[in-house]
Amino acid sequence: MAIDAAVDGQGVALARTALAAWDLIGGRLVRPFDLEMPVPFAYWIVCPKPSARLAKIVAFSDWLIAEAAADARQLQQLKSRANGRKRS
């Protein structure tokens with residue numbers, strides 16, 4: 001709700017990049033400060049051990065990881081562009 005409020009112009013929000021990614025990429029939100037607090041391994045894919053090797057679980061896991069990697073690349077490009085504008 002805080003992210004939605006920030007998108008609607010109601011102020012600022014402190015949020016995980018992963019949760020605000022589409023709004024950052026879409027230009028609906030900007031980072032007012034160049035601060036980050038990395039949180040490695042914050043998300044886990046879990047399932048019962050016997051199911052872990054099922055083709056549909058592996059396919060879903062591979063897809064999810066690829067989507068997250070694509071978002072991370074887009075966010076890095078966005079950050080690189082923002083840093084380039086600051087240097088100009």
Side-chain angles (χ1 to χ4, degrees):
M1 289 182 355
I3 294 170
D4 289 339
V7 168
D8 290 338
Q10 300 299 313
V12 298
L14 180 63
R16 289 182 181 268
T17 302
L19 297 178
W22 282 107
D23 292 312
L24 289 165
I25 291 166
R28 291 177 293 280
L29 290 177
V30 297
R31 291 181 180 202
F33 310 107
D34 201 20
L35 284 161
E36 291 183 8
M37 192 169 93
V39 184
F41 307 111
Y43 296 97
W44 298 85
I45 299 170
V46 295
C47 67
K49 203 172 201 173
S51 304
R53 292 204 169 108
L54 292 174
K56 63 184 177 182
I57 301 297
V58 172
F60 176 72
S61 176
D62 290 347
W63 171 81
L64 191 59
I65 291 167
E67 289 293 309
D71 284 353
R73 282 191 301 274
Q74 286 183 301
L75 287 167
Q76 186 58 44
Q77 290 171 352
L78 185 65
K79 186 176 178 182
S80 295
R81 285 194 303 264
N83 286 338
R85 284 192 297 262
K86 287 179 186 176
R87 290 187 193 119
S88 299

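Throughout, residue positions are numbered sequentially from 1 according to the sequence presented.
- Using a 4.5 Å cut-off between side-chain heavy atoms of Ile, Leu, Val, Met, Phe, Trp and Tyr, with links allowed through other members, Ile65 and Phe60 fall into the same hydrophobic cluster.
- A donor-acceptor contact shorter than 3.5 Å links the side chain of Ser80 to the backbone of Gln76.
- Of the inter-residue distances, the one linking Ile3 atom CD1 with Leu14 atom CG reads 9.5 Å to the nearest 0.5 angstrom.
- Across all non-hydrogen atoms, the minimal contact from Ala21 to Leu75 is CB-CD1, 3.8 Å.
- Taking 4.5 Å as the limit, some side-chain heavy atom of Arg31 sits within range of a side-chain heavy atom of Thr17.
- With rounding to the nearest 0.5 angstrom, the CD1 atom of Ile25 is 9.0 Å from the CD atom of Gln77.
- Applying the salt bridge (Lys or Arg N to Asp or Glu O under 4.0 Å) definition to pairs two or more places apart or across chains, those involving residues 8-29 are Asp23-Arg28.
- Hydrophobic clustering (ILVMFWY, side-chain heavy atoms < 4.5 Å, transitive): Val12 and Leu29 are in distinct clusters.
- Linking Ile, Leu, Val, Met, Phe, Trp and Tyr whenever their side-chain heavy atoms come within less than 4.5 Å puts Ile45 and Trp63 in one cluster.
- Residue Leu78 holds its CG atom at 11.5 Å from CG of Asp71, rounded to the nearest 0.5 Å.
- Taking every heavy atom of both residues into account, Ala52 and Cys47 meet most closely at CA-SG, 3.7 Å.
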